[in-house]
Structure formats: structure tokens, C-alpha cells
Protein chains: 2
Amino acid sequence: MNAEVAISSLRQVAPFPGLLREPAPTLRDVFVGKVAETHAAGEALIFEGDVAGQVFEVVTGVLRAFRILPDGRRAIMGFLYAGDVIGVSHYDRYLVTAEAITEVKVRRMPRSRFFAEVNDSQTLRPLLFALLCEGMTAAQDQMLLLCRKNAEERVVSFLLSVHEKSAVGAMIELPMGRLDMADYLGLTIETVSRVMTSLARRELISTVGRHAVNLRKLSALRRISGEDEGADGDFERAATRRAVWPQ
Amino acid sequence: MNAEVAISSLRQVAPFPGLLREPAPTLRDVFVGKVAETHAAGEALIFEGDVAGQVFEVVTGVLRAFRILPDGRRAIMGFLYAGDVIGVSHYDRYLVTAEAITEVKVRRMPRSRFFAEVNDSQTLRPLLFALLCEGMTAAQDQMLLLCRKNAEERVVSFLLSVHEKSAVGAMIELPMGRLDMADYLGLTIETVSRVMTSLARRELISTVGRHAVNLRKLSALRRISGEDEGADGDFERAATRRAVWPQ
DNA sequence: CGTCACTTTGAAAGCTTTCAATAGGAGTGG
DNA sequence: CCACTCCTATTGAAAGCTTTCAAAGTGACG
């Protein structure tokens with residue numbers, strides 16, 4: 001498990017993950033020596049609006065980070081996996097609530113110490129910078145998805161992104177429930193369910209229980225996701241749909 | 001104009017802008033001495049996918065930063081105002097295309113030098129960090145908007161966010177066209193237009209030409225935006241709409 | 001003052017949501 | 001170990017909001 005974690009963490013930072021074999025420094029190095037604490041599924045580690053005193057590193061398990069509108073509507077900003085860090089911001093309050101989806105193990109440290117250590121280290125600093133850039137890129141991908149993709153494209157894009165994170169053949173795990181997926185993709189639970197059913201009926205995927213999916217036709221799924229260049233697809237439509245962009 | 005710019009730039013960085021009176025260091029200090037270049041409306045400064053060799057600082061004017069799906073659908077990730085910086089990332093390619101909406105003046109420098117200078121400066125480094133955090137927060141606000149708000153809430157939220165950036169009474173300027181607003185808010189141009197018309201008919205706003213709006217009833221608009229706590233509103237609905245969140 | 005591009009408005013269609021009911025899984029207790 | 005119960009997921013039908021298609025209106029600019 002630890003090796004897997006290290007690899008996934010590496011990929012976030014190294015431009016060419018395949019080229020790296022020996023252990024490279026990662027942000028998680030700041031947390032060495034801290035004891036890992038365990039939280040049960042459903043527990044919240046931090047609450048939106050609370051004073052942001054601590055920074056956490058996910059060692060094991062998956063969390064959801066979300067914000068809630070006053071009337072109760074929830075939007076999940078992202079899912080946190082091993083190697084991810086929560087609570088990094090220059091605001092004095094947490095911007096999201098982070099809740100365990102599965103049982104999780106995390107290590108924590110005071111935010112002030114975290115920043116001091118990272119700031120003093122010539123090797124750690126670029127890693128924090130890279131982490132923030134990764135986060136920004138993920139956020140932009142998500143904005144593109146929410147802004148311009150339909151329900152099927154959203155679900156397929158999500159499945160593929162999970163696949164990229166944890167590529168073990170064509171099998172992916174979905175620790176989160178359908179409601180989490182819906183609140184992440186800007187859909188309702190029913191729509192997510194319908195899309196999944198439809199994909200399965202077309203044999204593009206097959207569900208294995210509620211929390212695992214077999215991506216049976218990856219290339220077809222990539223085409224559906226909306227981000228495929230359509231190498232074999234119709235070039236015409238792509239060129240004529242919208243006149244590139246207005247001046 | 002310069003004074004205005006400095007103020008808006010300060011707000012982005014200082015936790016308590018009201019407390020600062022004398023010139024504080026800002027990221028733009030890196031660009032002093034660089035000549036400002038002018039670009040006409042419609043011109044692109046950087047292209048998504050191009051090698052990211054340069055970092056730009058907006059001196060004057062407004063730009064749009066966007067990504068495009070293979071079939072031509074466009075999503076605007078954000079609008080860039082004076083004091084904003086483009087091209088900062090640890091990827092070697094630009095992630096977005098940045099196009100001038102109005103005539104703009106920018107200052108540029110090689111990315112490598114930008115990073116070297118920021119990295120060497122004890123005062124500049126936290127400013128870059130703050131900039132990234134600001135960007136992350138804006139992205140999360142946008143994800144919440146795109147994920148869970150309806151058309152009217154989106155448009156009103158946008159108008160209010162512009163108002164916060166450039167509060168000059170109740171008047172705001174919208175240098176971008178309706179299509180830009182639509183591609184930023186995940187709507188169509190027609191829907192944006194309809195919402196604007198509806199708001200005007202209800203006298204919550206009044207449009208002044210195409211590029212200026214008078215926010216006539218700010219508190220009502222805040223209530224509509226979806227983010228209002230509803231101090232005077234019905235507390236019941238907020239509490240019962242969704243059972244907080246599922247375990 | 002005419003042209004062109006952008007915006008507004010209308011009507012119909014479509015996709016997603018809402019409401020409702022059934023089905024399925026996981027955990028608990030007998 | 002199996003039955004029961006509860007929570008989550010799936011499915012169906014109708015409603016609703018936004019989009020699409022189409023046309024008229026408005027403003028900027030040469």
C-alpha cells in the first residue's frame with residue numbers, strides 16, 4: 001500500500017513519472033514522524049468556516065471536500081486520496097468541509113509549522129507550488145466539465161479521471177456513493193444512475209457491485225467524454241460547430 | 001488609473017486591505033522596468049497548448065482566459081483584470097488561451113526569470129502563494145456556481161462579483177459581451193439575455209448601454225444570488241431542505 | 001446614414017430534474 | 001447462518017428549466 005501511495009504521489013509532481021525510479025522528495029516528507037490518526041467513514045476532519053489551524057496529509061482512504069449553500073445544496077469540490085493535502089490556504093478559515101468517505105488515516109500538523117518548514121526548504125517549496133498548480137488544473141478541468149458537458153460526458157469524464165488516478169487494468173473503484181458523484185458532477189443522483197445504466201446497457205462499462213466499475217471500452221469512453229480529439233471521428237463537425245471563437 | 005490598479009492589487013493579497021495605507025509590496029513589483037506592450041481587443045496573448053515561456057502582468061484592460069473542447073464548445077475560466085498575472089504554472093504548456101476583451105496593456109518576462117526572482121525574494125514568495133490561493137478560491141466559487149446554481153443565481157452572482165471587484169457605487173462595467181458571460185456561467189447567450197431582461201423588468205438592475213449595469217437593489221440581488229444567509233428570510237427552508245449531509 | 005455584429009425576444013424542443021415507487025445491498029439481530 | 005430492516009440505487013412518468021432555432025431589434029463604426 002505504501003509503495004502505491006508513493007507512486008501516486010510522485011505522479012502528481014514529476015513531469016515524467018515513468019522516468020523516476022528511486023524515491024524522490026514529496027510534500028509528505030513534512031509529515032514524517034507525525035502519528036497517523038484514524039477517522040471512521042462519515043467523520044469530518046475540518047469544517048468550512050472554522051479557523052484553519054491544521055494541515056492534513058491523507059495517508060489512506062478517501063475524503064470528500066465540499067461547500068454548501070445556505071439552502072442546503074451541496075457541491076463537492078473534489079475527492080482527496082492518499083498523498084493529498086488538506087487545509088493549505090492563506091486564508092485563516094477553511095474554505096471547505098472535508099469528510100471521510102471510507103475509513104481514513106491522516107497525519108496532521110499546525111499550519112504555521114507546515115508553512116515554516118516548507119518555506120525554509122529549497123526542495124519542499126517547489127513541491128507546494130506544484131501541488132497548488134495541480135489543484136488549479138483539476139479545478140479548471142472541472143469548470144470545463146460543469147460549464148459545457150452534458151450528463152453522459154460528465155459521468156464518463158469522471159470515470160476516466162478515476163481510472164487515470166488508479167489505473168489497475170480497466171477496473172476502477174468508486175468509494176463514493178451516487179449522491180457524491182452527483183454533487184461533484186452537478187447532476188442529480190437519478191441522472192447519474194440513469195447514465196450508468198445506459199453505459200452498462202451499451203456494454204461500455206459493467207458495474208461490479210456499487211463501488212466498482214469495469215471500463216470495458218476505454219477508447220469509446222474517451223470519445224464520449226468530449227475531450228477526445230476524435231482521431232477516427234468525423235472531422236467536419238468539430239471544425240464547423242462553432243466558428244472557433246468570436247473576436 | 002494607476003492608483004485604482006494598486007488598490008485592487010492590494011486587496012488580492014492583504015488579509016485586511018482596509019488597514020493598509022502606504023504602498024505594500026505586490027507581485028507586480030517583479031515587472032517594474034519592463035515596457036508595457038499594447039494589444040488590441042480580440043488579440044490573443046497566449047494559446048492553450050503553446051509552450052509556456054512567458055509570464056504576463058495585466059497593466060490595463062480586461063482579458064478572457066478560456067479552454068475549448070474539440071467540437072468547439074468554449075468555457076471561460078476567468079476574466080483577467082489589472083494586477084492579475086497570466087502564465088504561472090509548473091506545466092511547460094499554457095492551459096488556457098488568453099484573449100484581450102478590451103485594448104490591454106501588459107508587461108511580460110520569461111517564466112524562468114519570473115520564478116527565479118520570486119523564489120529568491122522573501123517578500124515576493126508569499127505573494128505568489130497568495131495569488132495561487134486567490135485563484136483556487138475563485139475557482140471553487142465558480143465550481144459551486146456551475147454545480148448547483150440556476151440561471152438567475154448565476155447571472156446575479158456574476159454581477160455581484162464584478163461589483164465587489166470594482167465597487168464604484170452601484171454601477172458596474174461589463175467589458176465582456178453576453179457570449180462571454182454565457183461561456184463563463186455555463187449558459188447560452190439567450191438565457192443570459194433573458195435573465196438580464198427579467199432583472200431589469202423587476203427593477204433590480206437597469207442596464208446602461210450594453211456594457212454597464214446599475215445594481216439598483218443590492219440586498220435583493222444578494223438574496224437572489226443563493227449565497228445570502230437570508231438574515232431576514234425564512235429560516236425554515238434553509239434548515240429543512242436537505243438533511244445537512246449524508247453520513 | 002448604412003452596414004455589420006451583437007442582443008433581445010418568441011416558440012418549440014430537449015435534457016435534466018422532480019416526484020414516486022420498486023429493487024437491491026449491507027449490516028444487524030435472532 | 002439466515003431473515004429483517006434500513007439505506008442506497010434504480011426505474012418510470014410528468015414537469016420544468018434551459019436550449020435550440022428563428023427572427024426582429026439595437027448599437028457601434030466607417
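The sequence lines fix the lettering, A, B, ..., with proteins before strands; numbering per chain opens at 1.
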For a quick test of reading the model: is some side-chain N or O of B:Ser193 closer than 4.0 Å to OP1 or OP2 of C:dT9?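 Checking C:dT9 against B:Ser193, no side-chain N or O comes under 4.0 Å of OP1 or OP2.
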
My understanding is that only residues two or more places apart in sequence, or in another chain, count here; which of them pass side-chain hydrogen bond (donor to acceptor under 3.5 Å, both in side chains) with [X]?
{"X": "A:Ser225", "answer": "none"}
{"X": "B:Lys217", "answer": "none"}
{"X": "B:Arg107", "answer": "B:Glu57"}
{"X": "B:Thr191", "answer": "B:Thr188"}

Measure from [atom1] on [X] to [atom2] on [N] and round the result to the nearest Å.
{"X": "B:Leu146", "N": "D:dT18", "atom1": "CG", "atom2": "P", "value": "13 Å"}
{"X": "B:Arg178", "N": "C:dT9", "atom1": "CZ", "atom2": "P", "value": "11 Å"}
{"X": "A:Met196", "N": "D:dA9", "atom1": "CE", "atom2": "C1'", "value": "11 Å"}
{"X": "B:Ile189", "N": "C:dA5", "atom1": "CD1", "atom2": "P", "value": "14 Å"}

Please round to 10 degrees the angle between the axis of the first five pairs and the axis of the last five pairs in the helix from C:dC1-D:dG30 to C:dG30-D:dC1.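 Rounded to the nearest 10 degrees, the bend comes out at 40°.
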
Results of salt bridge (charged side-chain N to carboxylate O under 4.0 Å, His left out) for A:Glu37 - residues two or more places apart only: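 For A:Glu37 the salt bridge (charged side-chain N to carboxylate O under 4.0 Å, His left out) partners, ignoring immediate neighbours, are A:Arg108.
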
Give me each pair satisfying ring pair (Phe, Tyr, Trp, His ring centres under 6.0 Å) with a member in residues 184-204 of chain A, each pair once, sequence neighbours excluded.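 Passing the test, one end in residues 184-204 of chain A: A:Phe79-A:Tyr184, A:Phe158-A:Tyr184.
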
Would you say the side chain of A:Asp84 lies within less than 4.5 Å of the side chain of A:Leu63, judging by non-hydrogen atoms?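 Not touching, per the 4.5 Å side-chain cut-off.
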
So if I define the base as every atom that isn't primed, P, OP1 or OP2, how would nucleotides 18-29 of chain C read as a B/S/- string at a heavy-atom cutoff under 4.0 Å? BB----BS----

Under the salt bridge (Lys or Arg N to Asp or Glu O under 4.0 Å) definition, can you give me all pairs with a residue in residues 184-208 of chain B, not counting sequence neighbours?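 Of all non-adjacent pairs touching residues 184-208 of chain B, those that pass salt bridge (Lys or Arg N to Asp or Glu O under 4.0 Å) are B:Glu152-B:Arg202.
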
Side chain of A:Thr197: nearest nucleotide among C:dT8, C:dT16, D:dT11?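 Nearest to the side chain of A:Thr197 among the choices is D:dT11.
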
